[in-house]
Asker: 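Sending over a structure as structure tokens; questions will come in a sec.
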Amino acid sequence: MKPVVEKLLGKTIISVQAYEDTPLYGPENMRTMAQSVLMGGADGLRACWPQDIRAIREITDKPIVGIFKDFGEGDPLDTVFITPTVDQACEVIEAGADILGVDCTIRPTRGLEELKRLLGGIRERYPDVAIMADLATLEEGVAVAGTGLVDIISSTLSGYTRQSLSRKSDRPDVELVRRLKQEVDLPVNGEGRIWELSDLEAVLEAGADMVTIGSAVTRPHEIAKRFVQCQRRWREKN
């Protein structure tokens, strides 16, 4: 096990990301957000795009899980969008990421053999960098773990691919975390739709070795929306 992976066992990673259509987009804002969650005790950070990773690396030596989201023009349910190329992986690692997050879903547009070529190309260039496999199903987890080319299995994309759409809900995919722990001999990161403390406890009880929390902490417009919608529903009923 790579030292940086061991360092995150039993720890909390906070995902610090913002898209172009939100007010917090940009490296300066992400650095400030990272400072805030580090003040709150975050053990690691997940960040997107080289410019944000570089800005965050300037203020901390905590582990950073770096990714490069590239949605392209296709349907997000069918598009491999988290660090889909070796070149993008190189950019993320050179910006300062300790762990590289890679979309390891298996889809009609990208099978296991092509995925293995991607992971192998990254490993060849950066053998000491850990790879977190972001996936959506148990079958993907078993297959990807079997390649020997990743260090962490993560439930990140459950409910966000066409193959796993039936599993999407308002809550984390606790059952996927539980099954991954049973079937895969690698650390499991519980990630996706962890909104409440009870969600976190459920993921931990399912066996997650580490957890990543994002929107519930670092997306103010989504947090506000939940409260606004809750009030509206209450008033409609009363």
Asker: Check this for me: does any side-chain nitrogen of one of D75 and R162 sit under 4.0 Å from a carboxylate oxygen of the other?
Answerer: yes
Asker: What closest approach, in Å, do G141 and L180 show between heavy atoms, and which atom pair accounts for it?
Answerer: CA-CD2, 3.9 Å
Asker: Among Ile, Leu, Val, Met, Phe, Trp and Tyr joined by side-chain contacts under 4.5 Å, find the other residues sharing a cluster with F227 and list them by chain and number.
Answerer: W195, I223
Asker: In terms of hydrophobic clusters joined by side-chain contacts under 4.5 Å, are M33 and I67 together?
Answerer: yes
Asker: When you measure from the side chain of R193 to the backbone N and O of R171, does any donor-acceptor pair fall under 3.5 Å?
Answerer: yes
Asker: Salt bridge check, D98 against R57: does any charged N sit closer than 4.0 Å to a carboxylate O?
Answerer: yes
Asker: Find the distance between CD (Q163) and OG (S158) and round it off to the nearest 0.5 Å.
Answerer: 11.5 Å
Asker: Return the CG to CZ distance between L157 and F81, rounded to the nearest 0.5 Å.
Answerer: 5.0 Å
Asker: Does any non-hydrogen side-chain atom of E124 lie less than 4.5 Å from one of V86?
Answerer: no
Asker: Would V102 and V150 count as a side chain to side chain contact (heavy atoms under 4.5 Å, CB included) if you check the C-alpha gap in whole Å, the side-chain angles of each, and the deciding distance to 0.1 Å?
Answerer: CA-CA 9 Å; V102 178; V150 302; over 6 Å; no
Asker: I need the S164 OG to L138 CG distance, nearest 0.5 Å.
Answerer: 12.5 Å
Asker: So does K7 have more than 12 non-hydrogen atoms from other groups sitting under 6.0 Å from NZ?
Answerer: no
Asker: Run the salt-bridge test on R226 and E196 with the 4.0 Å N-O cut-off and return the result as yes or no.
Answerer: yes
Asker: Taking CG in D185 as the centre, count heavy atoms belonging to other residues, nucleotides or ligands within less than 6.0 Å. Is the count above 12?
Answerer: no
Asker: Could you give me the CA-CA distance, side-chain angles and deciding distance for R107 and T105, then say whether side-chain hydrogen bond (donor to acceptor under 3.5 Å, both in side chains) is met?
Answerer: CA-CA 6 Å; R107 314 193 194 207; T105 56; 2.7 Å; yes
Asker: State, yes or no, whether a side-chain contact exists between I131 and L149 at a heavy-atom distance under 4.5 Å.
Answerer: no
Asker: For A136, is there any backbone N or O sitting under 3.5 Å from a side-chain donor or acceptor partner on E140?
Answerer: yes
Asker: Working to the nearest 0.5 Å, report the span between CD1 of I59 and CE of M30.
Answerer: 11.0 Å
Asker: Same cluster or not: I153 versus V142, using hydrophobic residues (I, L, V, M, F, W, Y) connected whenever any side-chain heavy atoms lie under 4.5 Å apart?
Answerer: yes
Asker: Do D209 and K181 make a side-chain contact, defined as non-hydrogen atoms from C-beta onward lying under 4.5 Å apart?
Answerer: yes
Asker: Take a 6.0 Å sphere around CG of D170 and say whether it holds more than 12 heavy atoms from other residues, nucleotides or ligands.
Answerer: no
Asker: Excluding sequence neighbours, so at least two apart, what forms side chain to side chain contact (heavy atoms under 4.5 Å, CB included) with D70?
Answerer: F68, P84, Q88
Asker: Taking only residues two or more places apart in sequence, or in another chain, which ones meet V37 in a side chain to side chain contact (heavy atoms under 4.5 Å, CB included)?
Answerer: I14, V16, A42, L45, V217, T218
Asker: Can you check whether E28's main-chain N or O pairs, donor with acceptor, with T32's side chain at less than 3.5 Å?
Answerer: yes
Asker: Group every Ile, Leu, Val, Met, Phe, Trp and Tyr by side-chain heavy-atom contacts under 4.5 Å, then state whether V129 and M132 land in the same group.
Answerer: no
Asker: Distance from R46 atom CZ to I13 atom CD1, nearest 0.5 Å?
Answerer: 8.5 Å
Asker: If you measure from the Lys or Arg side-chain nitrogens to the Asp or Glu carboxylate oxygens, is any gap between D87 and R125 under 4.0 Å?
Answerer: no
Asker: Under a 4.5 Å side-chain heavy-atom rule over Ile, Leu, Val, Met, Phe, Trp and Tyr, are I56 and Y25 clustered together?
Answerer: yes
Asker: Determine the interplanar angle of the Y19 and W49 rings, folded into 0 to 90°, and report it as parallel if under 30°, tilted if 30 to 60°, perpendicular if over 60°.
Answerer: perpendicular
Asker: Quick one: which of T12, D43, V188, N189 gives a side-chain contact (heavy atoms from CB on, under 4.5 Å) with M210?
Answerer: N189
Asker: Could you report the tightest heavy-atom contact between G74 and T79, atom names first, then the distance?
Answerer: C-OG1, 3.5 Å
Asker: Should the heavy atoms of other residues, nucleotides or ligands under 6.0 Å from NZ of K69 be counted, would the total exceed 12?
Answerer: yes
Asker: Go through it in stages, so that I can follow the logic: the residues are V177 and D173, the test is side chain to side chain contact (heavy atoms under 4.5 Å, CB included), and I'd like the CA-CA distance, side-chain angles, deciding distance and then a yes or no.
Answerer: CA-CA 7 Å; V177 173; D173 193 341; 5.9 Å; no
Asker: As an exercise, state the distance from CD of E139 to CZ of R179, rounded to the nearest 0.5 Å.
Answerer: 8.0 Å
Asker: For residues L100 and T83, determine if any side-chain heavy atom of one lies less than 4.5 Å from a side-chain heavy atom of the other.
Answerer: yes
Asker: Where do P187 and D151 come nearest, in terms of heavy atoms and distance?
Answerer: CD-O, 3.4 Å
Asker: T147 and K116: which non-hydrogen atoms are nearest, and at how many Å?
Answerer: CG2-CG, 3.7 Å
Asker: For A208 and V211, which heavy atoms make the closest approach, and how far apart are they?
Answerer: CB-CG1, 4.2 Å
Asker: Between V4 and I64, is there shared hydrophobic-cluster membership here, with clusters defined by ILVMFWY side-chain heavy atoms closer than 4.5 Å?
Answerer: no
Asker: Counting C-beta onward and ignoring hydrogens, is there a side-chain heavy-atom pair between C104 and L119 closer than 4.5 Å?
Answerer: yes
Asker: Does any part of the side chain of V174, heavy atoms only, come nearer than 4.5 Å to the side chain of V203, both counted from C-beta?
Answerer: yes
Asker: So, for K168 and G159, which heavy atoms are closest and what is the spacing to 0.1 Å?
Answerer: CD-O, 3.3 Å
Asker: Does the pair E236/R233 count as a salt bridge with the N-to-O cut at 4.0 Å?
Answerer: no
